[in-house]
Enquirer: 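Let me begin by handing over the structure; questions about it come next.
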Amino acid sequence: MPRKVTLADVSRAAEVGVATVSRALGDHPDVSEATRQRVRAVARSLGYRPSATARALRTGEYRAISVIVPDAGWGWWEPVVRAAFKAAAEVGYYLMAHPVAGTKGGAAAIVEALANVPTDGVIVIGVPDQDGVREACDRIALPAIAIDDTSRTVRFPTISAQNREGARLAVEHLISLGRRSIALLRPNIGVETDNWGDGLFIDHRTLGYRDALDSAGIAFDESLIIDCTDPFNETRKHWRELEAELSTGVRIDAMFCAADTMAAAALRTLRAHGLKVPEDVSIVGFDDERAAILVDPQLTTIRQPYEEMGCYAVELLLRKIQGEHVDIRRYEFVTELVRRSSTDEPERLAKPEAQRNDPKPVGVQQA
């Protein structure tokens, strides 16, 4: 293997002292601009890479942050991490991803292990056990931010979408299409607590569903709440719970899926019962992750502002790293309705394909 280039190598090639090289590479004011440019040119030509450990010894910081991602196939967090990586890089920080991936002890154990990793702070995505993660962060004095809507307990500055308001927007859209018998397809959170905490986001999306019905004067029907087991299993062909409800003869003319990943099996289940989407049943999802554009018809959904959430997580974490007080509370982001074919209106469906105008997303401005 090639030997790593050191400050001493740059010093010899540039014919200046090691201390001068260190100051030139670190923007020290005692070095002239000409010397700074010459030393940096030599360092680039040799392939010199500064040592994060040495820099940390000098400055007390690594200029690196970590992000812990959940152990689940549900990939909504991927654009959050991508945006966080870009936001960190723009201010000169590295971002390192640490998947939980079945680690014994979960996210809390990974936080404990960060004591041996050059990192200045951590973003934890999906925190079923906020108490355990909080205790681990406190033990190693590691600043932390959560991106999470699964846990009722808040032990960190926590970023999430406005789930209740987003769900209301989804159901109001269905009502605007003339739909009145609207089912809510949601995860059976009672058997999902290991991955999804105590289901705060499901509660809030259910409340938004009911808010929209109440505002429209539509009576709430408990039988239209359909809880599905193993909701994020992408290999599932049909929802047995939805099949059982349809088999009773109940009339459903619209459906709000509490997560986009539930929509594919819902579509297959409806088709197996001879129901067409959107002609017979209009469907809206929540999240606007990749699944929404892979199903047929493509899914009208509520978009979470993933990029904004990832960038703001980095901003809050860097403020904490720099010693600024950040309130421990939820920081919620406004969602928007993105219209696609699963809620096409009958008059638009009647037009030839070439005459249809793609509907523009209907957004909600952030306050």
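Count residues from 1 along the sequence.
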Enquirer: Is any side-chain heavy atom of Ile68 closer than 4.5 Å to a side-chain heavy atom of Ile123?
Expert: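 Counting from C-beta outward, Ile68 and Ile123 never come under 4.5 Å.
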
Enquirer: Quick one: does Arg236's side chain get under 4.5 Å of Cys228's, heavy atoms only?
Expert: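 Not touching, per the 4.5 Å side-chain cut-off.
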
Enquirer: How about Ser181 and Arg251: does a side-chain donor come under 3.5 Å of a side-chain acceptor?
Expert: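 Judged by distance alone, the side chains do not pair up.
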
Enquirer: Decide, yes or no, whether a salt bridge links Asp253 with Arg180 under the criterion of side-chain N to carboxylate O below 4.0 Å.
Expert: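 No salt bridge links Asp253 with Arg180.
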
Enquirer: Would you give the length of the straight line joining atom OG1 of Thr35 to atom CZ of Arg40, rounded to the nearest 0.5 angstrom?
Expert: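 If I round to the nearest 0.5 Å, the distance is 12.0 Å.
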
Enquirer: How far apart are the C-alpha atoms of Met262 and Ile226, what are their side-chain angles, what is the distance that settles it, and do they pass the side chain to side chain contact (heavy atoms under 4.5 Å, CB included) test?
Expert: CA-CA 12 Å; Met262 302 183 73; Ile226 303 170; over 6 Å; no

Enquirer: Thr119 pairs by side-chain contact (heavy atoms from CB on, under 4.5 Å) with which of Leu114, Leu95, Val67?
Expert: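 Among Leu114, Leu95, Val67, the one meeting side-chain contact (heavy atoms from CB on, under 4.5 Å) with Thr119 is Leu114.
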
Enquirer: With a 3.5 Å distance limit and no angle check, can you tell me whether Arg268 reaches the backbone of Lys237 through a side-chain donor-acceptor pair?
Expert: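 Yes, the answer is positive, given that a donor and an acceptor are paired below the 3.5 Å cut-off.
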
Enquirer: If hydrophobic clusters are built by linking Ile, Leu, Val, Met, Phe, Trp and Tyr wherever their side-chain heavy atoms come under 4.5 Å apart, do Ile182 and Leu207 end up in the same one?
Expert: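 No, because Ile182 and Leu207 fall into different hydrophobic clusters, even though each may have its own neighbours under 4.5 Å.
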
Enquirer: Is there a donor-acceptor pair under 3.5 Å between the side chain of Ser11 and the backbone N or O of Leu7?
Expert: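 No, the answer is negative, given that no donor and acceptor are paired below the 3.5 Å cut-off.
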
Enquirer: Taking the side chain as every heavy atom from C-beta outward, state whether Tyr209 and Leu224 have any pair of such atoms under 4.5 Å apart.
Expert: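 Answer yes - side chains close enough.
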
Enquirer: Are Trp77 and Leu294 in one and the same hydrophobic cluster, where Ile, Leu, Val, Met, Phe, Trp and Tyr link if side-chain heavy atoms are under 4.5 Å apart?
Expert: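 No, Trp77 and Leu294 fall in different hydrophobic clusters.
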
Enquirer: Begin from the C-alpha positions of Leu242 and Met255 and carry the test side chain to side chain contact (heavy atoms under 4.5 Å, CB included) through to its verdict.
Expert: CA-CA 11 Å; Leu242 176 57; Met255 184 179 301; 3.9 Å; yes

Enquirer: Within a reach of under 6.0 Å around CZ of Arg290, are more than 12 heavy atoms found that belong to other residues, nucleotides or ligands?
Expert: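 Check fails, neighbour count at 12 or below.
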
Enquirer: Is there side-chain contact between Leu275 and Leu246, with at least one heavy-atom pair below 4.5 Å?
Expert: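 Yes, their side chains come closer than 4.5 Å.
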
Enquirer: Same cluster or not: are Ile218 and Val281 linked, directly or through other Ile, Leu, Val, Met, Phe, Trp or Tyr residues, by side-chain heavy atoms under 4.5 angstrom apart?
Expert: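 Shared cluster, yes.
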
Enquirer: Which pair of heavy atoms, one from Ala292 and one from Thr301, lies closest together, and at what distance?
Expert: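 Here Ala292 and Thr301 meet closest at CB-CG2, 4.2 Å.
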
Enquirer: Just by distance, no angles: are the side chains of His173 and Thr300 close enough, under 3.5 Å, to form a donor-acceptor pair?
Expert: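 No, Thr300 and His173 have no side-chain donor paired with an acceptor closer than 3.5 Å.
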
Enquirer: Should Leu267 and Ile293 be regarded as members of a common hydrophobic cluster, given that ILVMFWY residues are connected when their side-chain heavy atoms come within less than 4.5 Å of each other, either directly or indirectly?
Expert: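 No, Leu267 does not connect to Ile293 through the hydrophobic network.
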
Enquirer: Between Arg240 and Glu243, does at least one N-O distance fall below 4.0 Å, as a salt bridge requires?
Expert: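 No, no charged N to carboxylate O under 4.0 Å.
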
Enquirer: Can you confirm whether or not the ring centre of Phe333 sits under 6.0 Å from the ring centre of Tyr312?
Expert: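 Distance test on ring centres: under 6.0 Å, yes.
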
Enquirer: Give a yes or no on whether the backbone of Thr6 and the side-chain of Asp9 come within a donor-acceptor separation of less than 3.5 Å.
Expert: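 The answer is yes, because a donor-acceptor pair under 3.5 Å joins these two groups.
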
Enquirer: Just verifying a value: how many Å separate Cys311 SG and Arg82 CZ, rounded to the nearest 0.5 Å?
Expert: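 Going from SG on Cys311 over to CZ on Arg82, the span is 11.0 Å.
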
Enquirer: By the definition side chain to side chain donor-acceptor pair (under 3.5 Å), identify the one residue from Arg205, Gln304, Glu332 that meets it with Asn163.
Expert: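 Among Arg205, Gln304, Glu332, the one meeting side chain to side chain donor-acceptor pair (under 3.5 Å) with Asn163 is Arg205.
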
Enquirer: Are the charged groups of Asp148 and Arg155 less than 4.0 angstrom apart, N to O?
Expert: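 No, Asp148 and Arg155 are not salt-bridged.
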
Enquirer: Applying side chain to side chain contact (heavy atoms under 4.5 Å, CB included) to Val122 and His98, what does each step give before you reach the verdict?
Expert: CA-CA 10 Å; Val122 62; His98 307 268; over 6 Å; no

Enquirer: Say you draw a straight line from CD of Gln162 to CZ of Arg168; how long is it, rounded to the nearest 0.5 Å?
Expert: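 These two atoms lie 12.5 Å from each other.
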
Enquirer: Do Met309 and Ile147 have side chains that approach each other closer than 4.5 Å (heavy atoms only, starting at C-beta)?
Expert: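 When only atoms from C-beta onward are counted, Ile147 and Met309 do touch, with a gap below 4.5 Å.
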
Enquirer: Using a 4.5 Å cut-off on heavy atoms from C-beta on, say whether the side chain of Ser160 contacts that of Phe201.
Expert: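 Counting from C-beta outward, Phe201 and Ser160 never come under 4.5 Å.
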
Enquirer: What residues form a side chain to side chain contact (heavy atoms under 4.5 Å, CB included) with Val16, not counting sequence neighbours?
Expert: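 Checked Val16 against side chain to side chain contact (heavy atoms under 4.5 Å, CB included); matches are Ala14, Thr20, Val21, Arg38, Val39.
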
Enquirer: What is the distance from atom CZ of Arg164 to atom CG of Asp149, rounded to the nearest 0.5 Å?
Expert: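 Nearest 0.5 Å value for the CZ-CG distance: 15.0 Å.
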
Enquirer: Would you say Arg186's side chain and Ala258's backbone share a donor-acceptor pair under 3.5 angstrom?
Expert: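 Not confirmed, Arg186 side chain does not pair with Ala258 backbone.
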
Enquirer: More than 12 heavy atoms of other residues, nucleotides or ligands under 6.0 Å from CD of Glu15: is that the case?
Expert: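 Counting other residues, nucleotides and ligands, CD of Glu15 stays at 12 neighbours or fewer.
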
Enquirer: Check the hydrophobic clustering (I, L, V, M, F, W, Y; side-chain heavy atoms under 4.5 Å; chains of links allowed) and say if Val154 and Val133 are grouped together.
Expert: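 Shared cluster, no.
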
Enquirer: Indicate the atoms forming the closest heavy-atom contact of Pro187 with Pro231, along with that distance.
Expert: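 Scanning both residues, the minimum pair turns out to be CB-CG, 3.4 Å.
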
Enquirer: Rounded to the nearest 0.5 Å, how far apart are CD1 of Ile321 and CZ of Arg63?
Expert: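 Those atoms lie 9.5 Å apart.
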
Enquirer: Over all heavy atoms of both residues, which pair between Asp260 and Glu289 is shortest? Give the atoms and the distance, please.
Expert: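 Asp260 and Glu289 have their closest heavy atoms at OD2-N, 3.1 Å.
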
Enquirer: Do Leu316 and Ile159 have side chains that approach each other closer than 4.5 Å (heavy atoms only, starting at C-beta)?
Expert: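 Yes, their side chains come closer than 4.5 Å.
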
Enquirer: Is the side chain of Ser215 donor-acceptor paired with the backbone N or O of Ala212 at a distance under 3.5 Å, no angle test?
Expert: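 Between the backbone of Ala212 and the side chain of Ser215 there is no qualifying donor-acceptor contact (under 3.5 Å).
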
Enquirer: When you measure from the centre of the six-membered ring of Tyr331, is the NZ or CZ of Arg329 under 6.0 Å away and within 45° of the axis?
Expert: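 The answer is yes; both the distance and angle limits are met.
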
Enquirer: Contact between Val69 and Pro99 at the side-chain level, heavy atoms closer than 4.5 Å - yes or no?
Expert: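 Sidechains of Pro99 and Val69: in contact.
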
Enquirer: First locate atom CG of Asp227, then atom CH2 of Trp239, and finally report the distance between them rounded to the nearest 0.5 Å.
Expert: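 Asp227 atom CG to Trp239 atom CH2 measures 11.5 Å (nearest 0.5 Å).
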
